[in-house]
Amino acid sequence: MKIGIAIRKNEWDYFVHQSYILMLKKYNLEYDVVTMYTNLALFDGFLLPGGFDIDPKYYHEENYASKNIDKEMDLLDQKIIEFCIKEKKPLLGICRGIQSINVFLGGSLKQNILNHSNENHFIQKNQKYYLVNSFHHQSIHHLAKDLNIVATSLDGEIEVVQHKSLPIYGVQFHPELMDLDLREIFSEF
């Protein structure tokens with residue numbers, strides 16, 4: 001299986017964080033970087049990693065708290081999501097990735113939330129609680145109609161989503177930085 005990892009941008013350059021590569025290697029998955037010019041048909045599944053904020057214009061809002069918007073990252077995420085839907089390819093969104101999945105399927109975001117940036121907190125899934133990391137200041141506001149909520153934080157923020165009929169998942173936290181067993185998610189790949 002070959003997984004395409006969407007490239008991200010920081011203040012200076014485009015890159016893929018090493019933690020995502022190590023996570024995929026742990027599950028013996030091949031990978032390569034995906035840019036706007038990559039042939040998506042070369043991949044069996046995709047990973048949308050964390051990154052800068054999505055332009056609020058995609059969910060019909062003015063920007064009042066979104067930071068470091070990058071048009072190319074938005075367009076790349078949109079292209080990958082549309083391809084995965086059309087071709088029924090597996091997709092995992094992490095942090096910005098879950099937000100991209102929600103936005104490009106018709107949902108919206110809260111542009112700024114409290115107590116989730118550089119904080120650990122509990123999420124609830126199936127009557128069980130899990131401690132997760134948190135590096136985001138945005139979260140899902142209106143859930144896209146094709147998504148189901150799988151887990152929420154104790155303060156009600158959506159933390160895990162799953163597409164109703166396709167192998168598309170999103171997590172708001174960063175499992176690549178945690179000691180988690182992700183076999184349930186990666187079994188789709």
Side-chain angles (χ1 to χ4, degrees), residues 3-6 8 20 23-24 27 45-56 58-61 66 73-74 76-117 119-178 180-189:
I3 306 302
I5 307 173
R8 292 301 185 228
Y20 298 109
M23 178 180 69
L24 293 176
Y27 293 95
F46 296 88
L47 172 63
L48 295 179
F52 292 149
D53 296 343
I54 300 162
D55 192 329
Y58 290 108
Y59 47 97
H60 313 291
E61 287 187 13
S66 295
M73 281 197 318
D74 291 345
L76 177 60
D77 283 9
Q78 184 178 31
K79 177 182 175 180
I80 291 170
I81 292 164
E82 289 172 355
F83 180 81
C84 288
I85 290 169
K86 180 181 175 198
E87 300 296 326
K88 298 179 175 51
K89 296 279 187 177
L91 172 63
L92 173 61
I94 295 175
C95 197
R96 174 200 159 91
I98 188 178
Q99 295 169 9
S100 290
I101 290 167
N102 186 62
V103 166
F104 293 117
L105 289 178
S108 67
L109 301 179
K110 298 175 185 176
Q111 289 190 45
N112 197 37
I113 60 171
L114 302 175
N115 303 320
H116 281 260
S117 184
E119 301 278 339
N120 291 338
H121 63 271
F122 285 95
I123 63 170
Q124 182 177 7
K125 178 185 175 194
N126 300 330
Q127 310 303 317
K128 292 184 179 178
Y129 297 93
Y130 303 90
L131 184 65
V132 298
N133 56 33
S134 186
F135 299 100
H136 59 103
H137 77 103
Q138 297 189 322
S139 67
I140 293 175
H141 186 207
H142 295 291
L143 186 68
K145 66 179 177 61
D146 290 330
L147 298 176
N148 286 323
I149 298 171
V150 176
T152 60
S153 63
L154 299 185
D155 62 354
E157 299 298 338
I158 297 171
E159 293 281 336
V160 182
V161 298
Q162 180 177 7
H163 194 279
K164 291 179 179 178
S165 62
L166 297 172
I168 296 176
Y169 301 90
V171 297
Q172 188 60 72
F173 52 92
H174 285 266
E176 77 281 6
L177 300 176
M178 301 170 62
L180 291 177
D181 184 348
L182 300 174
R183 281 178 286 192
E184 179 182 337
I185 291 171
F186 283 115
S187 67
E188 290 296 330
F189 290 117

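All values derive from a computational prediction rather than experimental measurement. FYI, the numbering just counts along the sequence from 1.
Annotation: side chain of Y129 is not in contact with side chain of I123 (no heavy-atom distance under 4.5 Å). Inter-residue side-chain proximity for I5 and L24 is flagged as met; some heavy-atom pair is nearer than 4.5 Å. I149 is not listed as a side-chain neighbour of V160, based on a closest heavy-atom distance of 4.5 Å or more. Counting heavy atoms from C-beta on, the side chains of E159 and L154 never come closer than 4.5 Å. Side chains of K164 and L147 form no contact here, defined as non-hydrogen atoms less than 4.5 Å apart. Taking the side chain as every heavy atom from C-beta outward, F173 and I94 never approach each other to under 4.5 Å. Side-chain contact between S100 and Q78 is absent, with no heavy-atom pair separated by less than 4.5 Å. Using a 4.5 Å cut-off on side-chain heavy atoms (C-beta onward), I81 and I101 make contact.
For the pair Y59 and S66, the tightest heavy-atom approach, listed with the atom from each and the gap, is OH-OG, 4.0 Å. Taking both residues in full, the closest heavy atoms of S139 and Q172 are given as CA-OE1, 4.2 Å, listed atom of the first, atom of the second, then distance. Heavy-atom minimum distance, I85 versus L166: CA-CD1, 3.9 Å. In plain terms, the two heavy atoms of C95 and I98 that are nearest each other are O-CG2, 2.9 Å. For the pair C84 and P90, the tightest heavy-atom approach, listed with the atom from each and the gap, is SG-O, 4.0 Å. Across every non-hydrogen atom of A6 and P49, the tightest pair is O-CG, 3.4 Å.
Side-chain N/O atoms of H136 and Q138 include no donor and acceptor closer than 3.5 Å.
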Exercise. Going through the distances and angles, do H174 and E176 end up as a side-chain hydrogen bond (donor to acceptor under 3.5 Å, both in side chains)?
Worked result: CA-CA 5 Å; H174 285 266; E176 77 281 6; 2.6 Å; yes
Exercise. Going through the checks in order, is the side-chain contact (heavy atoms from CB on, under 4.5 Å) test met by L109 and V103?
Worked result: CA-CA 7 Å; L109 301 179; V103 166; 3.6 Å; yes
For this session: Test V132 against N120 for side-chain contact (heavy atoms from CB on, under 4.5 Å), laying out the working first.
Result: CA-CA 6 Å; V132 298; N120 291 338; over 6 Å; no
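Counting only distance, with no hydrogens or angles, the side chain of R8 and the backbone of G50 share a donor-acceptor pair below 3.5 Å. Side-chain N or O atoms of N102 include one that pairs as donor or acceptor with a backbone N or O of S108 at under 3.5 Å. At distances below 3.5 Å, not a single donor-acceptor pair connects side-chain atoms of K89 with backbone N or O atoms of I168.
Using a cut-off of 4.0 Å between Lys/Arg side-chain N and Asp/Glu carboxylate O, D74 and K79 are scored as not salt-bridged. Between K110 and E157 a salt bridge is recorded (basic side-chain N to carboxylate O distance below 4.0 Å).
H141 meets the ring pair (Phe, Tyr, Trp, His ring centres under 6.0 Å) test with no other residue; sequence neighbours excluded. Listed by chain and number, the residues in a ring pair (Phe, Tyr, Trp, His ring centres under 6.0 Å) with H137 amount to none (sequence neighbours excluded). In this structure, Y130 has no ring pair (Phe, Tyr, Trp, His ring centres under 6.0 Å) partners at least two apart in sequence or on a different chain. Looking at residues two or more places apart in sequence or on another chain, you find a ring pair (Phe, Tyr, Trp, His ring centres under 6.0 Å) between F104 and Y58.
Here NZ of K88 is found 7.5 Å from OG of S165. Values are rounded to the nearest 0.5 Å. Rounded to the nearest 0.5 Å, atoms CG (D53) and CE (M73) are 8.5 Å apart. Remark: Q99 CD to I140 CD1 distance equals 7.5 Å, nearest 0.5 Å.
Aromatic rings from H163 and Y169 are positioned such that their centres are separated by 6.0 Å or more.
Listed by first and then second residue, the side-chain hydrogen bond (donor to acceptor under 3.5 Å, both in side chains) pairs involving residues 146-156 are H116-D155, S153-D155 (not counting sequence neighbours). A ring pair (Phe, Tyr, Trp, His ring centres under 6.0 Å) check over residues 79-98, counting only residues at least two apart or in different chains, returns the pairs F46-F83.
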